[in-house]
Structure formats: structure tokens, C-alpha cells
Amino acid sequence: MVRKKVEGDEDQRRTAAHKAHRAEETPSARYATTGASKQRTHRTGGSAGRDEETPAQRQGKQGHSSAETQRRPEGVGPAETRSPYEGRGRPDYSREHEQVFSALVTAEQQHGGEPVTLDEISRTAELPPERTRTLVHDLVTVHHLATELQGAEEPDLSHYETKPRH
């Protein structure tokens with residue numbers, strides 16, 4: 001598509017458009033703009049503020065998210081849940097990590113290479129489920145030795161598998 005030829009640089013066109021608005025005319029009627037694409041169609045009528053930014057203007061721009069525009073005031077609604085792993089840093093690979101990783105490999109072999117549940121890893125490692133959950137989380141996110149697969153039929157039932165070595 002060929003751009004319309006309009007005299008002047010962008011500042012001159014902008015100035016001409018402002019003069020048209022002050023004269024209560026549309027800038028395109030005075031041929032002061034390069035086309036309708038520069039016009040704001042969602043700002044009609046005298047009640048629309050000139051300096052107010054509308055959600056349509058921010059949508060798709062950097063730093064914009066729909067959650068920000070719909071955020072509730074402080075103290076209203078449910079509290080944000082914090083991750084139980086927050087603030088732990090990057091734990092070193094320990095003897096317990098090795099115990100859980102070995103249990104994962106063993107359980108995986110017993111199931112013909114299929115992913116296994118946290119309960120199965122916990123039983124094989126002979127550790128409490130909550131401790132096993134933390135150690136498996138480290139194996140997945142910090143040490144990158146395992147992968148977590150979300151269950152499609154039961155979303156709360158995650159399965160784990162070892163990562164293939166290249």
C-alpha cells in the first residue's frame with residue numbers, strides 16, 4: 001500500500017492536526033494527516049479526555065498485561081499464594097538428592113520407562129512425600145536431571161521422568 005503524500009514532516013503534520021482539533025474539524029478533513037489509521041476511533045464525543053490513556057492504547061505494548069489493568073485494590077480478594085520453594089536459592093546436589101534420583105530411575109525401570117508419580121518415588125526412596133516433593137523439585141528446576149509432566153486426565157497428579165542424556 002502506498003503512503004499518502006502530505007506536506008511537511010511529522011511535527012508539522014501533528015501541529016496541523018492540533019489546529020484542526022481546535023477549530024473543531026477533523027485533521028483528515030484538512031488533509032493534515034496521512035490517513036484514518038492515525039485517528040483514534042475509540043475517543044469520540046466531548047466527554048473523552050484528551051490526556052487519558054485508554055486500555056485499548058496500552059494493549060500489546062511493553063509492560064502491559066491484562067492482569068495489571070484488572071488488579072484489585074490492596075486487601076481485597078484472595079491473598080497471593082507463595083511458592084513453598086521461594087527463598088531457597090539453588091541447593092547443592094546432596095546425598096538425599098542422589099537417593100531420590102536413584103528412586104526415580106528404579107521406579108521408572110519398573111514401569112518399563114514410563115513416567116512415575118511422586119508417591120512411587122517417595123516409597124522407593126523411603127522418604128516422606130513432602131520431603132520427596134522438595135527434592136524432586138530441585139532435580140527438575142535446579143539440577144535439570146528430571147522432567148515434570150502434568151497429567152491431562154488428573155491435573156493435580158504430576159508424573160516425573162529422568163531427562164535423556166545426549
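One-based numbering along the sequence shown. Hydrogens, waters and symmetry mates play no part in the numbers below; they use all other heavy atoms, side chains included. Computed from a prediction, not measured in an experiment: that's the story for all the values here.
Nearest heavy atom pair, residue L118 against residue P129, reads CD2-O, 4.2 Å. The minimum heavy-atom distance linking A103 with I121 is given by the pair CB-O, 3.7 Å. Nearest heavy atoms, A146 versus K163: O-CE, 3.6 Å. The nearest pair of heavy atoms linking E114 to E108 is O-CG, 3.4 Å. Looking at every heavy atom in both residues, S122 comes nearest to P128 through OG-C, 3.6 Å.
Considering CG of L149 and NE2 of H159, their distance stands at 8.5 Å, rounded to 0.5 Å. To the nearest 0.5 Å, the span separating CD on Q99 from CD on E126 amounts to 7.5 Å. Atom NE2 of residue H137 and atom OG of residue S158 lie 11.5 Å apart, to the nearest 0.5 angstrom. Taken to the nearest 0.5 Å, the NE2 atom of H144 stands 11.0 Å off from the CG atom of D138. To the nearest 0.5 angstrom, T106 atom OG1 is 6.0 Å from Q109 atom CD.
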Do L104 and V136 pass the side-chain contact (heavy atoms from CB on, under 4.5 Å) test, and can you show the C-alpha distance, the side-chain angles, and the key distance before you say yes or no?
-> CA-CA 9 Å; L104 171 60; V136 169; over 6 Å; no

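Residues forming a ring-ring contact (aromatic ring centres under 6.0 Å, His included) with H143 (at least two apart in sequence, or on another chain): Y93, H97. By the side-chain contact (heavy atoms from CB on, under 4.5 Å) test, S102 pairs with E98, sequence neighbours left out. In this view, R131 and E96 satisfy the salt bridge (charged side-chain N to carboxylate O under 4.0 Å, His left out) rule, not counting sequence neighbours.
L127 and V140 fall within a single hydrophobic cluster, where Ile, Leu, Val, Met, Phe, Trp and Tyr are joined by side-chain heavy atoms under 4.5 Å apart, directly or via other members. Two different hydrophobic clusters hold L139 and V142 under the rule that ILVMFWY side chains link at heavy-atom gaps under 4.5 Å.
Put simply, the side chain of T15 does not reach to within 4.5 Å of the side chain of Q12, judged on heavy atoms.
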